[in-house]
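Accompanying notes for the structure given below.
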Protein chains: 6
Amino acid sequence: MNELIGRVFHFEKSIFPAHGELFGKLTTHGQEPKALMISCADSRIVPEQIMQAQPGDLFVCRNAGNIVPPYATMNGGVTSTVEYAVAALGVRDIIVCGHSDCGAMKALSDPTGLEAMPNVAAWLRHGAAAEHIVSTCHGELEGKERVRAISLENIIAQISHLRTHPAVAAAIARGEMTLHGWFVDIHAGQVLGLDGDSGEFVALREDRDLPVALAARTRIATEFAEAAE
Amino acid sequence: MNELIGRVFHFEKSIFPAHGELFGKLTTHGQEPKALMISCADSRIVPEQIMQAQPGDLFVCRNAGNIVPPYATMNGGVTSTVEYAVAALGVRDIIVCGHSDCGAMKALSDPTGLEAMPNVAAWLRHGAAAEHIVSTCHGELEGKERVRAISLENIIAQISHLRTHPAVAAAIARGEMTLHGWFVDIHAGQVLGLDGDSGEFVALREDRDLPVALAARTRIATEFAEAAE
Amino acid sequence: MNELIGRVFHFEKSIFPAHGELFGKLTTHGQEPKALMISCADSRIVPEQIMQAQPGDLFVCRNAGNIVPPYATMNGGVTSTVEYAVAALGVRDIIVCGHSDCGAMKALSDPTGLEAMPNVAAWLRHGAAAEHIVSTCHGELEGKERVRAISLENIIAQISHLRTHPAVAAAIARGEMTLHGWFVDIHAGQVLGLDGDSGEFVALREDRDLPVALAARTRIATEFAEAAE
Amino acid sequence: MNELIGRVFHFEKSIFPAHGELFGKLTTHGQEPKALMISCADSRIVPEQIMQAQPGDLFVCRNAGNIVPPYATMNGGVTSTVEYAVAALGVRDIIVCGHSDCGAMKALSDPTGLEAMPNVAAWLRHGAAAEHIVSTCHGELEGKERVRAISLENIIAQISHLRTHPAVAAAIARGEMTLHGWFVDIHAGQVLGLDGDSGEFVALREDRDLPVALAARTRIATEFAEAAE
Amino acid sequence: MNELIGRVFHFEKSIFPAHGELFGKLTTHGQEPKALMISCADSRIVPEQIMQAQPGDLFVCRNAGNIVPPYATMNGGVTSTVEYAVAALGVRDIIVCGHSDCGAMKALSDPTGLEAMPNVAAWLRHGAAAEHIVSTCHGELEGKERVRAISLENIIAQISHLRTHPAVAAAIARGEMTLHGWFVDIHAGQVLGLDGDSGEFVALREDRDLPVALAARTRIATEFAEAAE
Amino acid sequence: MNELIGRVFHFEKSIFPAHGELFGKLTTHGQEPKALMISCADSRIVPEQIMQAQPGDLFVCRNAGNIVPPYATMNGGVTSTVEYAVAALGVRDIIVCGHSDCGAMKALSDPTGLEAMPNVAAWLRHGAAAEHIVSTCHGELEGKERVRAISLENIIAQISHLRTHPAVAAAIARGEMTLHGWFVDIHAGQVLGLDGDSGEFVALREDRDLPVALAARTRIATEFAEAAE
Ligand SMILES: [Zn+2]
Ligand SMILES: [Zn+2]
Ligand SMILES: [Zn+2]
Ligand SMILES: [Zn+2]
Ligand SMILES: [Zn+2]
Ligand SMILES: [Zn+2]
């Protein structure tokens, strides 16, 4: 038997009982997660570990490449998960989280070998903007540097997709949504955050403000601003 | 015979010969349009009239509601026209142009009657964010005020969709793309422009800077900015 | 500032006031366009110029290649615009208008270079019949002659697509729809029209009947014709 | 055991051996069917019986409602079967065959009960033009008369879809394709055929020409006809 | 005139009258088919001949390659036909029937030549599992042996798709559905049937039980079984 | 600032350094996850906690309702993640993991309120088989019992979808894939596992064999088994 699979017994016997009070509260009151995290399926990136989150803290959507397809008439899992998080659970923070050494980003950078994975290839078209930007703006980059640049641009691209989803767009307009773009460098043990104003990814540091991709800000109602002129 | 259709003879006999030099140049050198305009199919909104454009000036995409579906694996006419304008023609200005009294926006505001037009209904889902924003942020608006608010938010939504298209995203990253959001008020004879910084639509006036939805600006290369810290 | 963009001020200051009465009527009574024109996004082809149309005359759909996807469960902008024109506005004439030196038709004829424009490539699949016909029926054609032949066949193909749209099919069956297929030769300053009976494109001339792709004609009710035998 | 299923033994023991020569030839030379028949899945309509066809004679596509979706970028079984028949097998006659008392057509006429069959409902959207024509042109029809009218118009609609398929369109342009629209009235034991010129369905009779929906006819090459003027 | 097409007169004059009583009953009572057969469009495989079926016995869906796309939000003809057979007609036996020398399976085995048939190529993606299995598990097979192996695996794959359709899945859970996988070898005049338990295809023989892909069997209600522990 | 978001600093300062050796190995050798887990986005269900997994152990796909769309030509995130896990990483165990009190399953059971979440509604169509089975086989169930039954059937349905994916189907045929269907009851602190042979969900207990939905088993090559008869 797969040794990993067998560890589930330990959950039942030890872990669950040890968290009895928490699980009791979570089943009685239901979940009220504080954020939605969209991250990669990569086994090395455990959202709850990075966020130091307990059960109940973090609504999580994971897929190869931490992709968010733009909103469209064609429905899918990410779209539904985003809609549920915002419309049903009232989540006000969404983190798109990429990482170093990502297999999906490497494939976006160099599609050799994707012929055998046609669906991965098609899925990665949602990262086409990232690849296109790096190829046309930083054509000189190669290898790991190119992959890293694409990974960062991919986070920006997915946040741009996220903003096309009606529930997200409306929460932004109401000033009730903060968007975060993070990059976990598992080599350096460092987390970078996108500063939406400057377009830079900067290291998260406790001694300075957390950079955000888009800060919650009430938009001046277009209608009335003009009328008041 | 439809009287309008018959007027085509006039084009051949008088208009074309009168613009002989211009058409000669345009056929010899090909087109080099200065902007892409995405506007409504509405018969009252003639892009070339609003822009005072000559043949050769303006690449034009028109559909009901001046909609730009977000970039996706599902292809369509607007996506292709945007791609062609930016990738093949090198256009550096894109104008999304809405207008007052728009039938599509009225239907988005009040879908009564859309059962008989299932495709219009489906197409308008691309404006769902606009309707959702106005309904949840300005629930008190009704009638013409609600339609106007939705029309303005729809322009913002379509610009947000436009930014998901790889060719546009890359041109933005290179600092080579300016996006414009205009609203033609055919009752007041006034054109409003979106100021992307404040989120307001303001009247275009010759005596002040043209408001832009997104100004062309070279983005600091994320990769190197961080490295240089 | 893009010099073209700045010309909009002129519209507000001079053009709109000069057409005050017309725009006043159009905003009071709404639009009642006399025809729907589906034409290319090409900057050199201005539908209102070719038709000598005033604001309010012509409902216009424009995209790269003057394409009309066949009616299907997958919705898009052309389908919606056609549905709105026929079902909501009661339009009874539809013109599919192609033109010479069309970039889309050149790409259909020779796809070299389309790898960089995957969406244009996908969109042009709606013209596959045209390319297939010319390649199999007129395999000897090359260069400009091949492009011209494909452009003409493309107009026929799009009209054939147009007939699959329920609103159009029903209007045809009621004898209330005339379809037109036009080709604007901007080199020769000539407009050709499809004669649906002979399958030929002939020059439009004031001294002979306007050729139509499909004339409005009440169809003999299939049900009763047979019953009366 | 399902009694019908058991009858297969009879095929092996008696039928196959009795047709040994025919099957031998068909396996040695491969199939060369003389026509493609697109008919309903209805158990009462056996294409080979109606056509008095032997194995090898008839390439057959069957689905609920003898539907042919219009050609589109979205692929399906009918599209592929049509393409294979024309491009790989060189079929030059296609018959779209509807019939009386068709469950699909009844559901198109009166969708009550379709909530439990969402896919049938969606599939029948490909017959929307037929329903729309009958509702707007013959609003007075009810019950069986309405179903019959829709069934006939559905055949016309599917033939119109068929013409949008590139392989079919090209074969038509080459003058190598004849299209047939048939209606099998299983109550009257009568087969009607669409006369494409008049738009009528007329009884097939041995003593008069077979009516065809579209006769094979070489189209005058558009390019050269005009040039020769 | 196509000689085959003309044979239809014979149906009206001789065949229909000869089956007057059967057709009378079928029009009065409607159809109650005993099984749904999903088979190839191939002209040499006549489902009613193989099953020795009379009009009214067999609901039939035919397409190139006897494909059943998996259930999805994207609708098509096979999905609808399956839904109608099970939900509207109450069919309790479904046969997926492949055959030897199948053009579709040959194309799945060796896609050379499919460039000219893009839709067939796309449709055959629904058989990708079959090709993938044979290529990775039996990489040593070539030519006819490879085609045969793919044809058999394709039947298994399509049955696996069939089980994803809600109406089928529910009938299975109720113990009211038997699935059959057959392979007609038209060279040997033999019919093989899939034994779902062993995964083998075995010759159908009157002197032993009919092998079934999935036998009708009431599933132990998961809910109560556990509760009763 | 959202208090949860701020905890990320702790990861950098304490957690990452404490796991230095593990992360070092994982970045040097890349990931080699032992299983793919497809589970719900629900914040209370942390896959790594239930499996007692370390970084590097578990490839994880999460979405609302632990859905696996069936393989189709329409691509999405789950399909790509499955393909990547099996084809690129060689995963041989896939766990579909549902849970009690699931918001998605409640919505599948009672769609009231889903009008405001059209994408969740569309996504849940992939669980239609589960709802259909419970409604038709256990129509007497209500409330929590109905939701629980649907949640269990949904796991079965998603495993059935999983088997349509070519990479999974081929691994099954090679005898290299074990499928698991788990249900985490967060009220009882119990994990149930699907026994594919009996169709029951049984409690996982250390003192008896782990139930599996589908055991890895080399399939007898259909081709040769029959030939050897
Ligand atoms: Zn990754
Ligand atoms: Zn408008
Ligand atoms: Zn053009
Ligand atoms: Zn029928
Ligand atoms: Zn076949
Ligand atoms: Zn859940």
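Lettering of chains follows the sequences in order, A, B, ..., and the numbering in each one begins at 1. Hydrogens, waters and symmetry mates are skipped; everything else that's a heavy atom, side chains included, is used.
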Reported CD1-to-CG distance for the pair B:I172 and B:L162, which is rounded to 0.5 angstrom
7.0 Å

How far apart are the closest heavy atoms of C:A107 and C:L124, and which atoms are they?
CB-CD1, 3.7 Å

Less than 4.5 Å to any heavy atom of chain C: does that hold for the side chain of B:A88, its backbone, both, or neither?
both

If you look at every heavy atom in C:V91 and C:M177, which pair is closest and at what distance?
O-CE, 3.5 Å

Mind checking whether C:W182 and C:M51 have side chains closer than 4.5 Å, heavy atoms only?
yes

State whether the number of non-hydrogen atoms from other residues, nucleotides or ligands found under 6.0 Å of B:R163 atom CZ is greater than 12.
no

Residues of residues 92-100 of chain B with a heavy atom under 4.5 Å from any heavy atom of chain C, in residue-number order, are B:D93, B:I95

Looking at chain C, which one of B:L204, B:D101, B:V86, B:V212 has the largest number of heavy-atom pairs inside 4.5 Å, strictly under?
B:L204

Scored by heavy-atom pairs under 4.5 Å with chain B, the best of C:G103, C:A87, C:A85, C:G113 is C:G103

Taking the side chain as every heavy atom from C-beta outward, state whether C:R208 and C:V202 have any pair of such atoms under 4.5 Å apart.
yes

Mind checking whether C:L179 and C:L194 have side chains closer than 4.5 Å, heavy atoms only?
no

Output yes when a side-chain donor or acceptor of B:Q190 lies under 3.5 Å from a complementary backbone atom of B:A203, and no otherwise.
no

Atom group of B:E206 that falls short of 4.5 Å from chain C, counting heavy atoms
both

Quick one: does C:I186's side chain get under 4.5 Å of C:I45's, heavy atoms only?
yes

Would you say B:Q52's side chain and C:R7's backbone share a donor-acceptor pair under 3.5 angstrom?
no

Any residues in residues 32-39 of chain C near chain B, with a heavy-atom distance under 4.5 Å, and which are they?
C:P33, C:K34, C:A35

Do the charged groups of B:D207 and B:R205 touch, with an N to O distance under 4.0 Å?
no

Tightest non-hydrogen contact, residues B:F183 and B:S151, listed as CE1-CB, 3.7 Å

Quick check on the interface: out of B:I50, B:V184, B:T81, B:V46, who has the most heavy-atom pairs with chain C under 4.5 Å?
B:I50

C:V147 side chain reached by C:K144 side chain, heavy atoms, under 4.5 Å:
no

Min side-chain heavy-atom separation B:I159-B:L214 under 4.5 Å:
no

Can you say whether C:E48 sits under 4.5 Å from chain B via the side chain, the backbone, both, or neither, judging by heavy atoms?
side chain

In residues 21-29 of chain C, which residues are in contact with chain B at a heavy-atom separation under 4.5 Å?
C:F23, C:L26, C:T27

Region of C:V78 in contact with chain B, defined by heavy-atom distances below 4.5 Å
neither

Kindly indicate whether the side chain of C:H165, heavy atoms from C-beta on, has any atom under 4.5 Å from the side chain of C:V68.
yes

Taking the side chain as every heavy atom from C-beta outward, state whether C:P69 and C:W123 have any atom pair closer than 4.5 Å.
yes

Identify the residues of residues 55-67 of chain B whose heavy atoms come closer than 4.5 Å to a heavy atom of chain C, ordered by number, or report 'none'.
B:P55, B:G56, B:D57, B:L58, B:F59, B:V60, B:C61, B:R62, B:N63, B:A64

Indicate the atoms forming the closest heavy-atom contact of C:F16 with B:H187, along with that distance.
CZ-O, 4.2 Å

Interface check, chain B: of C:Q49, C:H10, C:H180, most non-hydrogen pairs under 4.5 Å belong to C:Q49

Please find the pair of heavy atoms, one from B:V120 and one from C:E83, that lie closest to each other, and give the distance.
N-OE1, 2.9 Å

Any chance you could measure C:Q31, atom CD, to B:C102, atom SG, to the nearest 0.5 Å?
8.5 Å

Looking at every heavy atom in both C:H126 and C:P70, which two are closest together, and how far apart are they?
ND1-CD, 3.7 Å

